[in-house]
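Order of listing sets the numbers, starting from 1, for every ligand and every atom in it.
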Amino acid sequence: MDIDAARKDTPGCANVAHLNNAGAALPPRPVIEAVAEHLALESTIGGYEAAERNAVAIERFYESVAGLVGARPDEIAYVENATRAWDMAFYAIPFAPGDRILTTTSEYSSNAIAYQQVAAARGVKVEVVPDGRDGVLSLDALSAELERGDVRLVSINHVPTHNGLVNPAAAVGRLCRQHGVLYLLDACQSVGQISVDVEEIGCDMLSATGRKYLRGPRGTGFLYVRREMIAALEPPFLDLHAATWKAPDGYEIRGDARRFESWERYVAGQIGLGVAAEYASELGIEAIRERVAALADGLRERLAARPGTTVLDKGERPSGIVTFTVDGHEPAAVKKAARERGVNINTTSPRSQGYDPRALPSAVRASVHYYNTEEELDLLMSALPG
Ligand SMILES: *Cc1c(COP(=O)(O)O)cnc(C)c1O
């Protein structure tokens with residue numbers, strides 16, 4: 001991979017060592033330009049008129065995102081963020097009392113809150129599958145829970161927000177298929193970082209955001225729903241885009257994944273997200289994964305060699321998210337010290353990792369992307385206090 005070219009194509013690289021890619025990555029120039037151009041067009045000729053003129057680019061979003069995740073364009077919905085995308089799928093599932101939802105210790109709290117809400121409202125049981133010795137979701141434990149029956153949904157994250165682990169998404173998919181169980185995957189941190197192919201993974205529904213490893217605009221996300229599942233999933237909200245009014249008092253819901261969308265949207269963001277998906281596909285996800293893994297490994301090595309610093313990431317093949325603590329220094333203070341040296345990092349919050357019995361209240365999170373450099377890792381190391 002040509003790192004110099006990637007950095008030249010990323011204006012933000014000139015200002016900051018950005019190691020907060022799990023928060024929001026720096027967008028590349030084509031994404032910035034696509035968004036800015038559409039906004040300029042809206043302000044020049046009018047919003048509806050701009051959408052008409054850019055109809056091809058708007059439509060192209062579906063092909064670009066579908067191409068990135070191995071789906072078909074009619075299986076993709078544009079949604080304003082990953083949480084809403086996930087919600088539109090989750091709340092569409094016709095749960096019955098006694099149904100079981102299986103999830104994982106590292107589940108994102110927004111998802112966990114939704115499980116608990118539905119559990120209270122519909123008599124559904126939520127069960128957290130324990131981790132194996134390597135620290136990621138145990139397939140043996142999941143298999144045993146599936147054998148016990150009554151599982152309506154397996155719903156997990158691919159890569160969590162607060163730890164560098166990668167869950168075995170495709171192996172989980174095989175188990176779900178064997179048992180004929182619905183499978184919802186939160187791929188928020190994995191899309192744009194590692195290979196995410198809905199056929200290979202075997203998920204029925206998948207949600208992701210624009211601004212993280214995909215390097216798209218903020219306020220964008222998407223949902224994938226497997227074609228055969230769409231008709232069985234009635235969206236919790238409908239509008240005149242998701243459904244068609246049938247006089248005098250009826251309506252018909254769309255047959256494609258756009259039934260999960262709303263009519264009004266951030267059009268510039270939709271175009272920009274499509275461009276971001278194409279950008280990642282063109283660079284090649286395997287090349288991206290390799291580069292991210294090498295940088296993350298390099299950072300973990302540096303941190304492990306430093307006295308008083310503890311790396312917390314689990315799993316055999318961790319992601320680009322590196323979490324750690326520095327003895328005697330609050331994560332927030334570490335973040336501040338790094339910021340003062342021009343390095344962006346973040347802290348993890350207990351509010352985002354509700355089920356994880358081993359998660360610390362807070363830790364430092366440095367998340368690398370392919371456009372980062374070894375020098376930037378050294379800069380972070382030199383900025384650590386103590
Ligand atoms: C960031 C994140 C989300 C939420 O994405 P939004 O676009 O902020 O709604 C969901 N799951 C995981 C694992 C995340 O890291």
Margin query: If only side-chain N and O atoms count, and only distance matters, is there a donor-acceptor pair under 3.5 Å linking Y91 with Q117?
Written below: yes
Notebook entry, point to check: Using a threshold of 4.0 angstrom between heavy atoms of the protein and any atom of ligand 1, which residues qualify?
Noted result: N81, A82, T83, Y108, V159, T161, D186, C188, Q189, T209, R211, K212
Notebook entry, point to check: Is the closest side-chain donor-acceptor distance between Y371 and N21 under 3.5 Å?
Noted result: yes
Note to self: Could you check whether D4 pairs with R7 (Lys NZ or Arg NE/NH1/NH2 to Asp/Glu carboxylate O, under 4.0 Å)?
What the structure shows: no
Item checked: Set of residues satisfying salt bridge (Lys or Arg N to Asp or Glu O under 4.0 Å) with respect to K336, sequence neighbours excluded -> E340
Item checked: Distance-only polar pair, side chains of N157 and N111, donor-acceptor under 3.5 Å -> no
Check: Cut-off 3.5 Å, side chains only: do T10 and R215 have a donor facing an acceptor?
Finding: yes
